[in-house]
Amino acid sequence: MRFLRRLAVLGWAALALGACGGGGGNGTPAAPAQAPPTSQAPSGPAVELAALSGSAYVLAGHALKNVGGMQVDIAYDPAKLANPRVTQGAMVTGGAFVVNTNLAGEVRIALVTSPPLAGDGTLATLSFDQAAGTTGGIMSVAVSVYDQNGAVLPISIIPPTP
């Protein structure tokens with residue numbers, strides 16, 4: 001019962017994030033489905049935002065264990081990137097996946113899963129419109145990870161290389 005109560009709390013938090021607006025994308029895949037990159041070898045559980053090509057990125061989980069919920073905040077330079085589109089990754093199928101892209105310069109993703117996530121895989125793909133003559137544009141990535149009971153789990157963050 002405690003597990004279901006905590007899962008419900010995480011679920012409502014994800015829905016509240018989505019109620020802020022957004023919804024993420026227009027249903028068009030943000031980037032081609034690919035195996036998650038491993039630009040840097042994580043030493044334990046990690047979340048990586050890796051550039052695929054141009055203004056497309058993949059958000060991947062590495063060595064995840066017992067992950068019941070996650071919030072990802074990605075800050076980007078709105079002078080370089082615009083019109084963020086986010087697509088749910090294969091690792092999150094069957095879970096709640098909520099995206100808010102209403103604020104220029106920010107993408108927020110919340111997910112809740114049951115059973116918990118474990119292993120390696122794609123959490124989401126992101127794509128942007130790139131301003132002419134610019135490259136890059138991701139400024140920071142922040143991730144909060146929770147187990148199935150709502151306890152915070154340690155996680156490493158691997159940001160994209162400029």
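Note that the structure is a prediction, hence the values are computed from the model and not measured. Numbers here are sequence positions counted from 1.
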Are the side chain of [X] and the backbone N or O of [Y] linked by a donor-acceptor pair below 3.5 Å?
X      : Y      : result
Tyr76  : Gly105 : yes
Asn83  : Phe128 : no
Asn149 : Ala151 : no

Ignoring hydrogens, what is the shortest heavy-atom contact between [X] and [Y]? Give both atom names and the distance.
X     : Y      : result
Lys80 : Gly137 : CD-CA, 4.0 Å
Ser55 : Gln130 : CB-OE1, 3.3 Å
Ala63 : Asp120 : N-OD1, 2.8 Å
Ile74 : Val72  : CG1-CG1, 3.9 Å
Pro78 : Ala104 : CB-CB, 4.3 Å
Ala46 : Ile158 : CB-CD1, 4.1 Å

When rounded to the nearest 0.5 angstrom, what is the spacing between [atom1] in [X] and [atom2] in [Y]?
X      : Y      : atom1 : atom2 : result
Asn66  : Gln148 : CG    : CD    : 4.5 Å
Glu106 : Asn100 : CD    : CG    : 7.0 Å
Leu59  : Leu123 : CG    : CG    : 5.0 Å
Asp73  : Ser144 : CG    : OG    : 7.0 Å
Leu111 : Gln71  : CG    : CD    : 10.0 Å

Audit row: Met91, Thr122, side-chain contact (heavy atoms from CB on, under 4.5 Å) steps and yes/no
CA-CA 5 Å; Met91 190 173 200; Thr122 300; 5.6 Å; no
Please tell me if the side chains of [X] and [Y] come closer than 4.5 Å, counting only heavy atoms from C-beta onward.
X      : Y      : answer
Asp129 : Arg85  : yes
Leu81  : Thr134 : no
Pro45  : Ile155 : yes
Val92  : Met70  : no
Leu49  : Leu126 : yes

Single-linkage hydrophobic cluster Leu103~Ile109, side-chain heavy atoms < 4.5 angstrom:
no
Val58 reachable from Met139 in the ILVMFWY side-chain graph, under 4.5 Å edges:
no
side-chain contact (heavy atoms from CB on, under 4.5 Å) evaluation trace for Val67 with Thr113:
CA-CA 8 Å; Val67 174; Thr113 63; 5.5 Å; no
Val152 vs Tyr146, side-chain contact (heavy atoms from CB on, under 4.5 Å): CA-CA, chis, key distance, verdict
CA-CA 4 Å; Val152 176; Tyr146 308 92; 3.7 Å; yes
